[in-house]
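Within every chain, numbering begins at 1; the chains are lettered A, B, ... in the order of the sequence lines, protein sequences first and strands thereafter.
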Amino acid sequence: MIRFSQVNKWYDREHHVLKHISLEVKAGEVVVVCGPSGSGKSTLIRTINQLEPVEEGEIWIGDVQVNNPRTNINRVRENVGFVFQHFNLYPHLSVLENITLAPMQVKKLSRAAAEERAIALLIKVGLAHKKDAYPANLSGGQQQRVAIARGLAMEPKVMLFDEPTSALDPEMIGEVLKVMQDLAESGMTMMVVTHEMGFAREVADRVLFLDHGEILEDTTPEAFFTNPQHDRARQFLKQVLAPMHG
Amino acid sequence: MDFSPIVPALPSLWEGMLLTLKLLAFSVIGGVALGTVLALARLSSNKVLSLLAGFYVNYFRSIPLLLVITWFYFVVPFIIGWITGTNQPIGAFTSCLVAFMMFEAAYYCEIVRAGIQAISRGQVNAAYALGMTYGQTMRLIILPQAFRKMTPLLLQQSIILFQDTSLVYAVGLMDFLNSARSQGDITGNLHEFLLFAGLIYFIISFGASTLVKRLQKRLTV
């Protein structure tokens, strides 16, 4: 489904942020990407829909090479949902309009069809009663659930999550993770950058550990948590797990 | 001081005010539209486009409006005649309108540009991530938010333009100020008419400015 082949990326031609990334994610797989801040994990998933360009290598989704200049990147992005750390809902549009805008504009769905789909998704994320509210009047957790619904409204083949719970108050993290877990169980192909190790343990099929732009671990959650191969992964786990277990 | 001749002159003063307002309205609409295009060009990743727009803005901001008005009075009919192949005079109103639009566009451009830059990069990314094009992103996501933020500044600039429209006296247009002056000349009460015109300009500009400030407060809350 998603394939990286020898991908390299530099910032300002000197800071090597992604180093020789090769990786394959199968359809239906849920992959958690973790690592210390600055490790390149957000950059990694942003290259999949080319919010970040890469200098070397190939990135494929299905049989389309996304970093080929001849590829119409907008057609690729239609099929790749992306959820941001800071939600990025459109503040001047209602919840319903946030969700229906792209299906109507990009996929040329009729308003009726787009609204029907939006309301079904809002029911799924438990926010049907907020359809006429504006983002400013929602809590962070509610905004993020709307953002997930907005991504799903395009009926994507892949969903990418860039630290979806990092900007949330602790009591709202659970509601967003629950929506993501339901989505994973429905068979969606997902890549999730997160520090939520509970989610990784319970929901992920695979865990990637990045540090300094390299994939150091690429394994099952059990293996990652019980027997990490690299020192840096062990240190990282110690740090992120410590506060949870007191 | 004798203000009584003003009363019979009110119809012609009103005619003048209508011309002023018409000139203002069209100039604002055209100026904001052109200014928005210039702002998008200035922010464009296309270096040539951005340099050209930057040159336009800096050029028009560095020359006096009166110069543009008189210059366009002579040049615009010539250009239009050259394009359409006819030799019909287009009149002072049209040439003034073009002059105001193009001059004000430089100022509106800078306001709109700041407005666009004030919208977070995340909004653009969110639109792109859903497969929207640059045009859709600007039209549906960025510009509506930018204009909401920038409306008070655009209105303030338009109030300045309202006062500047009086410069059309240079090419003989009968706007509000010019008709007040000519009525004053006719009746021999020039001072009274000019005082009256000043009062009207003050009431409109100050009133509008107060309303804009109130709007600004409401938008920031």
Side-chain angles (χ1 to χ4, degrees), chain A residues 42 45-53 66 71-93 97-109 114 134-136 143-144 146-156 158-162 167, chain B residues 32-33 35-37 39-40 43-50 108 111-155 212 214-221:
Chain A
S42 287
I45 68 162
R46 280 166 183 259
T47 61
I48 297 171
N49 66 353
Q50 292 286 288
L51 286 181
E52 295 278 0
V66 299
T71 301
N72 182 345
I73 192 64
N74 292 329
R75 297 289 82 77
V76 174
R77 286 169 175 165
E78 280 179 32
N79 294 314
V80 181
F82 198 100
V83 175
F84 297 85
Q85 180 178 358
H86 296 287
F87 333 129
N88 296 344
L89 293 180
Y90 312 130
H92 61 303
L93 300 178
E97 289 164 338
N98 260 278
I99 300 174
T100 56
L101 184 70
M104 285 167 60
Q105 293 290 331
V106 179
K107 293 214 154 164
K108 309 295 177 201
L109 238 60
Y134 280 81
Q143 289 191 54
Q144 195 60 299
V146 171
I148 294 171
R150 177 173 70 176
L152 291 174
M154 296 294 280
E155 301 189 316
V158 179
M159 282 290 280
L160 307 172
F161 295 83
D162 186 9
Chain B
V32 170
T36 305
V37 172
L40 292 176
L43 293 170
S44 154
S45 53
N46 183 328
K47 286 272 184 307
V48 178
L49 211 57
S50 145
Y108 288 128
I111 298 174
V112 175
R113 182 169 74 127
I116 292 172
Q117 285 175 321
I119 307 299
S120 87
R121 180 73 205 166
Q123 290 289 309
V124 177
N125 281 341
Y128 282 174
L130 289 162
M132 285 197 229
T133 61
Y134 169 82
Q136 289 171 325
T137 303
M138 279 299 158
R139 184 165 53 83
L140 300 163
I141 305 299
I142 306 304
L143 288 177
Q145 292 182 58
F147 274 114
R148 199 164 298 196
K149 281 207 167 94
M150 288 300 118
T151 300
L153 281 177
L154 291 172
L155 290 175
V212 170
R214 208 176 285 174
L215 174 74
Q216 197 160 20
K217 244 181 224 157
R218 249 191 46 197
L219 283 178
T220 49
V221 166

Practice item. Take A:F161 and A:I148, measure what side-chain contact (heavy atoms from CB on, under 4.5 Å) needs, and give me the verdict at the end. Key: CA-CA 9 Å; A:F161 295 83; A:I148 294 171; 4.0 Å; yes
**Study point:** A:V80 side chain reached by A:P156 side chain, heavy atoms, under 4.5 Å
**Key:** no
Revision key, fill the gap. Taking every heavy atom of A:G151 against every heavy atom of A:M159, the minimum-distance pair comes out as C-SD, 4.3 Å
**Study point:** Closest contact, heavy atoms only, A:V83 versus A:A147
**Key:** CG2-O, 4.4 Å
Review point. Where does A:L89 contact chain B at under 4.5 Å (heavy atoms): side chain, backbone, both or neither?
Key: backbone
Chain B/chain A interface donor-acceptor pairs under 3.5 Å:
residue	atom	partner	partner atom	Å
B:G122	O	A:N88	ND2	3.1
B:Q123	NE2	A:L89	O	2.8
B:Q136	NE2	A:Q105	O	3.2
B:L140	O	A:H92	NE2	2.9

Exercise for review: Taking all heavy atoms of A:L93 and all of A:P135, pick out the closest pair and write down the distance.
Suggested key: O-CD, 3.1 Å
Exercise for review: Check step by step if side-chain contact (heavy atoms from CB on, under 4.5 Å) holds for A:I48 and A:F82.
Suggested key: CA-CA 10 Å; A:I48 297 171; A:F82 198 100; over 6 Å; no
